[in-house]
Every structure is written in structure tokens, then in C-alpha cells.
There are 2 protein chains.
Amino acid sequence: MTEIEKTLENHQVRPTAMRILIYKYLAEKEVAVALTDIESAFAKAERTTLYRTLKTFEEKKIVHQIDDGTGISKYALCESGCNCEIDQDLHLHFHCNNCNETVCLTEHKIPQIKVPDGFVSENVNLVVKGICDKCSGQ
Amino acid sequence: MTEIEKTLENHQVRPTAMRILIYKYLAEKEVAVALTDIESAFAKAERTTLYRTLKTFEEKKIVHQIDDGTGISKYALCESGCNCEIDQDLHLHFHCNNCNETVCLTEHKIPQIKVPDGFVSENVNLVVKGICDKCSGQ
DNA sequence: TAACTAGTGCAACAGAAGTGCATTTATTGA
DNA sequence: TCAATAAATGCACTTCTGTTGCACTAGTTA
Ligand SMILES: [Mn+2]
Ligand SMILES: [Mn+2]
Ligand SMILES: [Zn+2]
Ligand SMILES: [Zn+2]
């Protein structure tokens, strides 16, 4: 049993061939991926299967969904520092206006946000847009 | 010439009947509105007209678009404190998980966010989700 | 092995966003 | 004032993303 298979089972996800492939793909990418990205990477796979795999991964906290403001859902593996389970203390995301890629900045936590009286904050989504390290050329 | 007509012309938007109505609608609502909201408020109007009116308003800085993470674009009038023009110093938005409405918290500015070396921050989108003042009951 | 459960493939649908083009309305200037 | 021009609107259609229903297959369990 491989490392990936163990990881999946730890999250109560049965390690099917497709799931292992998708997990590998996500692990190799350093950026958040959209469903269509996976779709074009696995031309032979069915879109629905990929879709449901992502949903399962999300539900079982293997990946977290990212709303980067493009209108397209992105997904990235939850790593240490992700803290998806507790829905608190989340990291921020960076979307590059040049290469259009979105990355997790897991080491950058979202600061405490004050809201007016009467409002109850449950969670926070923070996306910084600009130029990423690869594109800024430095 | 009414106040609204003046406002539209100040932004280089010709004050047609439809535009004035939509502006009024936006001004009366305290929450951010989606295209479909306007659509149902003006049953007789054409969706494309409403769509293009919002685009024009956005382009001319009469409204700002809000991405609240629901996947549906919302729009709200730019007021003093909005600062859309300079794409900096923006306010945060609050999305209620109960009533599903999104409001501008114009008085609440987005704090300065640090990004890693090599990354250049151009703008920031911050959405707090939770329970709004009306729904929290206090 | 039989019964059951989970995963996959295929088809179809829904909603939002966007485009092309003809028609109507408003503006301009001869 | 009226023709030429430009802007706004209405209608039809398309694309894209996400989502669901259902039949079939593979895997698990008793
Ligand atoms: Mn992330
Ligand atoms: Mn706002
Ligand atoms: Zn980039
Ligand atoms: Zn509410």
C-alpha cells in the first residue's frame, strides 16, 4: 500500500485508481486547480467522475475549495497549516493577474477582522490579487 | 434634471429611462444586488439591457461588482468611502449565511496584507461570512 | 456465491454570463 | 427641419460551469 493510498484511507476515502491519479496530480501541482484543468490532464476520464472525486475529497478534508474571484472553483490539497477542519485560522490565497494562477499562502494567516455590532463572523475569505513571484521576475 | 440624472451624467452615462430606474432601484436597496434580482424587480425589462446597464455602471464607477463567494456577481452603488477609482483602500463585504444577502461595510477598511517576497499585491478581496445584524436578532 | 454498496459513465439540465445582429431611440450638424 | 450618425435596446442564441438521474460495473461482505 502506497503513501497516497494510506492518506486516502485515513480520510475514509477508498483508494480507487482514478482517485489515486487525481491525488497525484494535485500533489504535483503547486497551484490550485480547476475541474477543467484536471479534465484536460486526464482526457480519457469522465468529467462527472472528476467532479465527484473533488467533491468527495473536499467533504473528507483532503482538499479545500478556493474562491479566487474568477468565478471558477479551484481546489488544492490540504497540507499542514491548512486548518480546514476547524474553519478558522485560515490562510490567504493569491491570484496572479498575469499568469492567472492561484496559490495557497499557507504560512500567511488571515488577520482578525472586526465586524460591526450585531454581525457574527463565521469565516473569512481573503484573496490578494497581483503579480506572483514567477511573473514578477524577481 | 433630477439628482439621479445629474449623477449619471457626471459619470459620462446618458440618463435613459431604464438607467434611471435601475439606479433608483440600487439606491433604495441596502444590500448588494444580483442581475437576477433586478430582473425580477423589472419583469418587463430585457435581461440583456439590465446586464449591459450594470456593465456600463461598473465601467463608469457608478457601481462596484462584489464577489461574495456565492458564484453570482453582485453590484452595489459606489458611495463616499467606496474608493473604487483608486483600486486601493477598499472596504470589506459581509455575506449572511442565513438570509443570503451581501452588504458593503464601507466603514470597515481592509487591513494591510503582507505577501511573500516576489509577490506584488495589486488589490484585495475580503469577504466575511456569518450572520448579519438582521438575522442575529440583536 | 448472493446480496449489497460504492464508484463510474453517459446523458441531460440549470443558471449565469456573454455575443451578434436587427431595430429603435437619441443626438448632431448641414 | 430633416437626414446622417451614434447610442441604446430587444431578441435569439451560445458558451461555460456546475449539477443531477439513472443505469451499469466493480468491489465488499456475509
Ligand atoms: Mn489554500
Ligand atoms: Mn461594497
Ligand atoms: Zn503569475
Ligand atoms: Zn442575514
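Convention: sequence-line order gives letters A, B, ...; per-chain numbering from 1.
Atom CG of A/L50 and atom C1' of C/dG7 are 13 Å apart (whole Å). In this structure, B/Y51 atom OH and C/dA17 atom P are separated by 8 Å, rounded to whole Å. To the nearest angstrom, C1' of D/dG18 lies 11 Å from CD of A/E39. As rounded to whole Å, 10 Å separates atom P of C/dA16 from atom CG of B/D37. The distance from atom CD of B/E9 to atom P of C/dA26 is 14 Å, rounded to the nearest whole Å. Counting to the nearest Å, the C1' atom of D/dT9 and the CZ atom of B/F42 are 15 Å from each other. Look at CD1 on B/I22: it is 12 Å from C1' on D/dA8, rounded to the nearest Å. As a whole-Å value, the separation of A/E46 CD from C/dG9 P is 6 Å.
The shortest distance between side-chain heavy atoms of A/I22 and A/L50 falls below 4.5 Å. Looking at heavy atoms from C-beta onward, A/F42 lies in side-chain contact with A/M18 at the 4.5 angstrom threshold.
Comparing C/dT8, C/dT19, D/dT19 by their nearest atom to the side chain of A/M18 picks out C/dT8. In the set D/dA12, C/dA6, C/dA16, the nucleotide with an atom closest to the side chain of A/R14 is C/dA6.
Of all heavy-atom pairs spanning B/Y75 and B/L26, the tightest one is O-CD2, 4.2 Å. The shortest heavy-atom contact between B/V128 and A/S121 is CG1-OG, 3.5 Å.
You'll find a donor-acceptor pair under 3.5 Å spanning the side chain of A/R47 and the base of D/dT19, going by distance alone. Between the base of D/dC16 and the side chain of A/T36 there is no donor-acceptor pair shorter than 3.5 Å. Between the side chain of B/R52 and the base of D/dG10 there is at least one donor-acceptor pair of N/O atoms closer than 3.5 Å.
The side chain of A/T16 places an N or O atom within less than 4.0 Å of a non-bridging phosphate oxygen (OP1 or OP2) of C/dT8. Taking only side-chain nitrogens and oxygens, A/T49 comes nearer than 4.0 Å to OP1 or OP2 of C/dG9. Between C/dG18 and B/K55, a contact under 4.0 Å exists linking OP1 or OP2 to a side-chain N or O.
With B/V63 as the fixed residue, the side-chain contact (heavy atoms from CB on, under 4.5 Å) test singles out one of B/L77, B/T56, B/V33, B/T53: B/L77.
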